[in-house]
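Here's the structure we're looking at; comments come further down.
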Amino acid sequence: QKALLLEEILFAMAGGPELVEWPLVTSKAAWWPDEPWHDLVAAVQNSRAELDRTGQEALVASLGRALGAWRGARWFPAVVPDPQKFDRILSADAAAVLAWLRGNPLAAGDWYASWREYGGFAAVRCPVIAVWGSEDRFVPPHRSAAGLRACLGSEKGRDVTIRILPGASHVLTVGEPDSPFVAGYPEMLVTWLRQRLPR
């Protein structure tokens, strides 16, 4: 869970704070109140702000301190495969670090290119329904839906249905995993199937 949370925050750091669902991030961060997750979130959210030199240095130092808390964790290389390169970036001049954040390919370009490069999506020809819960604490529902839409939704005539269900969890229940499904979910699936299956 910590690796997934750090991956989401680093995506925001590189791609831009507007790409991340902060309620999801902050709810996960609350699981570990004694670790500097909130400091990291604050630094990333401010990483595109116009700052003077002192502010830039303080922000990059805050990023470095927060990330240093997990630098030796066993799960850290799963998120940062080349920690030494990461260290070199953060040890550079603060203005250069922030310029890199604003100008790197992820910040400037197509966030879903890697999804399309996978290639498997292009082969899908059957109708697709993809459903997420708005209260998912494991994956970002809106970003996941946007990625799938970018890969499957551009071809004319393709049957793609994407839904984000308000109040639903990762397993589309309300509350605990063994709770009932969110209202309307089973009926939605039945309706979708009946519209596509031969009678």
Side-chain angles (χ1 to χ4, degrees), residues 1-107 111-112 114-115 132-147 164 166-177:
Q1 286 303 311
K2 290 181 181 181
L4 289 171
L5 177 56
L6 184 59
E7 186 275 336
E8 184 74 4
I9 295 171
L10 293 183
F11 183 84
M13 188 171 85
E18 71 281 0
L19 298 178
V20 171
E21 294 166 84
W22 291 109
L24 172 68
V25 169
T26 54
S27 69
K28 284 186 180 182
W31 296 347
W32 304 287
D34 297 329
E35 297 181 18
W37 292 104
H38 289 292
D39 295 339
L40 180 58
V41 166
V44 170
Q45 287 180 319
N46 291 319
S47 63
R48 299 301 194 275
E50 292 300 323
L51 302 170
D52 61 18
R53 185 166 187 80
T54 302
Q56 290 177 345
E57 290 173 353
L59 187 136
V60 172
S62 180
L63 283 172
R65 281 194 305 273
L67 290 166
W70 307 289
R71 179 69 174 72
R74 287 185 305 167
W75 52 264
F76 190 80
V79 185
V80 183
D82 188 348
Q84 287 76 26
K85 183 176 182 181
F86 200 70
D87 292 341
R88 288 195 302 275
I89 291 171
L90 288 178
S91 64
D93 176 77
V97 173
L98 295 177
W100 175 80
L101 289 180
R102 293 184 180 100
N104 79 87
L106 188 60
W111 305 302
Y112 304 111
S114 61
W115 286 51
W132 288 268
S134 68
E135 303 306 309
D136 193 325
R137 293 189 174 190
F138 297 93
V139 299
H142 291 89
R143 178 153 63 91
S144 300
I164 297 177
S169 69
H170 181 69
V171 292
L172 305 175
T173 62
V174 178
E176 298 300 318

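Below, each value reflects all heavy atoms present in this structure, side chains not excepted, and no hydrogens, waters or symmetry copies. The residues of the chain are indexed from 1 along the displayed sequence.
Checked by atom type and distance alone, the side chain of Ser169 never pairs as donor or acceptor with a backbone atom of Glu135 at under 3.5 Å. Between the side chain of Ser62 and the backbone N or O of Ala58, no donor-acceptor pair lies under 3.5 Å. For the pair Arg53 (side chain) and Ala95 (backbone), a donor-acceptor distance under 3.5 Å is absent. At distances below 3.5 Å, not a single donor-acceptor pair connects side-chain atoms of Asn46 with backbone N or O atoms of Ala49.
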Would Arg143 and Glu8 count as a salt bridge (charged side-chain N to carboxylate O under 4.0 Å, His left out) if you check the C-alpha gap in whole Å, the side-chain angles of each, and the deciding distance to 0.1 Å? CA-CA 10 Å; Arg143 178 153 63 91; Glu8 184 74 4; 2.2 Å; yes

Step by step, would you call Gln1 with Trp32 a side chain to side chain donor-acceptor pair (under 3.5 Å)? CA-CA 11 Å; Gln1 286 303 311; Trp32 304 287; over 6 Å; no

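Taking 4.5 Å as the limit, some side-chain heavy atom of Leu6 sits within range of a side-chain heavy atom of Leu67. Within the 4.5 Å cutoff, no side-chain heavy atoms of Lys2 are placed close to those of Val79. Trp37 has its side chain out of reach of Thr26: every pair of non-hydrogen atoms, C-beta onward, lies at least 4.5 Å apart. With contacts defined as side-chain heavy-atom distances shorter than 4.5 Å, the pair Leu40/Trp70 qualifies.
The line from NE2 of His38 to CD of Gln45 is 10.5 Å long, rounded to the nearest 0.5 Å. Distance check, rounded to the nearest 0.5 Å: CD of Glu7 to CG of Leu5 gives 9.5 Å. Taken to the nearest 0.5 Å, the CD atom of Glu21 stands 7.5 Å off from the OG atom of Ser144. We find the CG-CZ distance between Asp82 and Arg88 to be 6.0 Å, quoted to the nearest 0.5 Å.
Closest approach of Arg102 and Ser47 over heavy atoms only: NH2-O, 3.6 Å. Smallest separation of non-hydrogen atoms from Phe76 and Pro83: CE2-CB, 4.3 Å. Across all their heavy atoms, Leu59 and Ala43 have their closest contact at CD1-O, 3.6 Å. Closest approach of Leu101 to Arg48, counting heavy atoms only: O-NH2, 2.9 Å. In this structure, Gly167 and Ser134 approach most closely via the heavy-atom pair N-OG, 2.8 Å. Closest non-hydrogen pair, Ile9 versus Val41, comes out as CD1-CG2, 3.9 Å.
Considering Val97, Leu98, Asp93 as possible partners of Gln56, the one that fulfils the side-chain contact (heavy atoms from CB on, under 4.5 Å) test is Leu98.
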